[in-house]
Amino acid sequence: MLHEILLSLSGHPSPLFRNDHSDPSAVSLISPSERQLLDRAAHLSDLHYKLRRETSRIGSLHPSAICRAVSNAIATIHLAAFQRKIIEVEDSILRRDAGLVGAYNIVPLTAVVGQFSGWIRRLEWLWELVEFMTADKGREDRLPCQAAQLIDRLRGELQTGYADVAETAQSLLQAAETSWLKQVSAWVLYGRFQKVSEFDFFIQEDEDEEHGYKLDYDLLPSFVTPSTASSMLYIGVSINRARSTPGTDLGTGNLGHLASQHQELSQLSTPLNAAAFSRAITSIRYTLSRTTLQKLLPLVKVLEVLEVLREFLLIGRGEFATALTQQADDKIRSRWRRADNLAYEKRDALGTVVVKEGEVAAVLARTWAFLASMQNQHADEDETLELARDLLRLHVSKATEEAPLVKGSDRVSDKILDAIVPTPFHNLLFSVPVTLTMQIQSPLDLFLSHPDLQIYTAINSYLLSIRRAHLRLTDLWKITSFRRHHPPPPRMPYGNTKGGIAKTRLLRERWSLRSSIMRSTWSTSSAAIFFLGETEAYLQVEVVEGLWAHFHSWLTDTRKDSRVDNNITSISQNSTPGVALNEGGIQAEDSNESLNTHQGAQANRDPQTLSIAHGQYLSALTRRLLLTQLTFTTPLYDLLMQIDQLVALVNRLHGVWVAADLETDEGVVDAFSDLAAEERDVRAQLRGVERRVKFGIEDTIAALRTLSLDSAFAAEMEGEETAGDDDIMDGYGDGAGAYRPRRVGGIERLLMKLDFGGWFGPGPADDDNGSGHEA
């Protein structure tokens, strides 16, 4: 019977545990206490048998490499230890050990079963773990157990309170994390994505992604922070990019660095600590930056691209915005003239005036030519302009071209894009959606992403629309007949004749009448120019230039350099001949420590740190430009639309008056037009647009006042450099060298300038004769 029990505990089927002992004939053979002991042995036998069967199946069929490693550890460590325990018990019986064999060579069943009492809870826990790994069995609607779920469960089981279960979980967790670290090592050290990892590794291949890989946060173990996962993704992508770039050495020259990185990962102990693991990944990232990425993507190249983005997409170079606006307006006017010249029966709705893709590209080409003609007057070649000519593209945007954002994405750029309002400022330049963007060339995609460029495009459309409206209004003052008497009175000697005097009187009466008609128009236009000028100065000078100057100083460490230089200068100035030598030594040591801190921070400016800081810069820029406030952008967009209509009506009125002058003075008559009726219609529309422009300015200023009194908006502006940025920059750089956007702007400063006095108050109604009042 003992031999049968030991064989059954080893996993072999036995009729001793399969028969039903409830028969009356069997009651006399087995007592109730023996039946309970046999039930415990049968339970152990059944657990051992099922564990061996399921671990064998998991080890050969489960898609997760981590689950297979844990299953093999269960079989080779714990089930093997249980088997050795069975052999030890059998050996003790054969040796007639006094601990098991009593007098007359009697072996009590209680002693034999008691030898395995410590294994019941352990095998039951192992069976629960195996069931957890095979919970998907027979169910098509559930995915098999994945690495992150298993590792998190094992880490949780360390806190059960049972020493034997904690010891078992510790050994299995070591096997799971060791297997997981092998996958991590292959990725962060060699950039290799193993096929065995494609099921449950948190970095997955995805052709739709910009770099070909993506992060699946559902497959991320709990001890890995999102910033650490992003660093690991960036490291592997960078290694693959460097391997595919000619002239980049990843061979024998980096063997020493690989050995040190291997050692850092091998020194991690189980259970893996989040802080220690993050430090190891950060160290690997810094080493990669110093050895490989410094040649692949130097800081000078990053600064060149950022300079292009600042000068052209953020309208830092005013002549570019002016030239682009003028060329776009010329293209629109030429399309309308061509449409008017076509025969009526050949017109195809708006097909003759809608701008095509090739014409938009030609506008940008003419803009570059105009800027080049200005640049030829200078001796030095403008390298930024040449780089911008190669990288920037102007094209008609389509809804299908915009990649849909992933809901719940943790990328900083995607969050910023979600916050930007959908106000269509990009429709104002050509009356069709047109965007100015940039081509991302390798290896710049390690620093810039497509969502970053979409943010720059949105900011460019916003700033360019304000600059365009300002330029179009100021161009009204270039119309000669509106500013002075045109045509001039007759010259001598004809001017002294009766006909000349009558002609002069007629011209003066005509100009006086038209001047009175245009008085309210000039008043409204002047107020709009004042509003746009102050708003544009606030956005460009205080916000864009303020943030860019601080970000550029952080990139180039000029702020730190000046701080160190000032520290050394103050030390030298404050030192006197009577200062003791130890004090001077302390001062010199402090200055050297500051210099070493500065050099260490500069050395840790790896491309990913720059990319994260750039994301913070864009986040602060969009918030400070009020691009996240729909209550402000909506009335501003409506105001810009009304300003466009005002400029169009003024130009149309000018055309009507020119035609009327030709008809009156020269006798040139257009039989197909009624100039008097058209003038009345244009003047009536012009009065309505003037009122709408005035109301639009008032509504936009009211929106600014509402925002200035909004506590949520104030908290958002004040908190963007603290709580939100700390979450973004978690794990990227130390506290001394981390980038924090400067607090710039403040809409209260803008509101103080936008004081129109009593212009918004009630006044006499405008009549058709054009009587108006000035601001």
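If you read the sequence from its start, that first residue is 1, and numbering goes on from there. Just so it is clear, the structure is predicted and the values come from calculations on it, not from any experiment.
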Side chains of [X] and [Y]: closer than 4.5 Å at any heavy-atom pair?
X	Y	answer
R57	T134	yes
R279	E264	no
W187	N240	yes

What one should report as the nearest heavy-atom pair of L265 and V188 is CD1-CG2, 4.2 Å
For side chain to side chain contact (heavy atoms under 4.5 Å, CB included), just list the numbers for V302 and H614, CA-CA rounded to whole Å, side-chain angles, deciding distance to a tenth of an Å, and then say yes or no. CA-CA 11 Å; V302 174; H614 182 246; over 6 Å; no
Below 6.0 angstrom between ring centroids: does that apply to [X] and [Y]?
X	Y	answer
F223	W180	yes
H450	Y456	no
F132	W127	no

Spacing of [X] atom [atom1] and [Y] atom [atom2] [to the nearest 0.5 Å]:
X	Y	atom1	atom2	answer
I281	S230	CD1	OG	12.0 Å
S238	R243	OG	CZ	11.5 Å
L44	I120	CG	CD1	5.0 Å
T55	R68	OG1	CZ	14.0 Å
R241	L296	CZ	CG	8.0 Å

Taking distance alone, no hydrogens or angles, what donor-acceptor pairs closer than 3.5 Å link side-chain atoms of residues 149-159 to residues at least two apart or in another chain?
| residue | atom | partner | partner atom | Å |
| --- | --- | --- | --- | --- |
| D152 | OD1 | S222 | N | 3.0 |
| D152 | OD1 | S222 | OG | 3.0 |
| R155 | NH1 | E177 | OE2 | 2.9 |
| R155 | NH1 | L272 | O | 3.1 |
| R155 | NH2 | L272 | O | 3.0 |
| E157 | OE1 | W125 | NE1 | 3.0 |

Would you sort out whether M133 and E54 count as a side chain to side chain contact (heavy atoms under 4.5 Å, CB included), showing the intermediate values? CA-CA 10 Å; M133 289 189 289; E54 292 300 322; over 6 Å; no
Is there a side chain to side chain contact (heavy atoms under 4.5 Å, CB included) between L189 and I235? Walk through the geometry before answering. CA-CA 8 Å; L189 299 182; I235 290 171; over 6 Å; no
Does NZ in K50 sit with more than 12 non-hydrogen atoms of other residues, nucleotides or ligands closer than 6.0 Å? yes
Taking the six-membered ring of W119 (Phe, Tyr or Trp), confirm whether the NZ or CZ of K85 is under 6.0 Å from its centre and within 45° of its axis. no
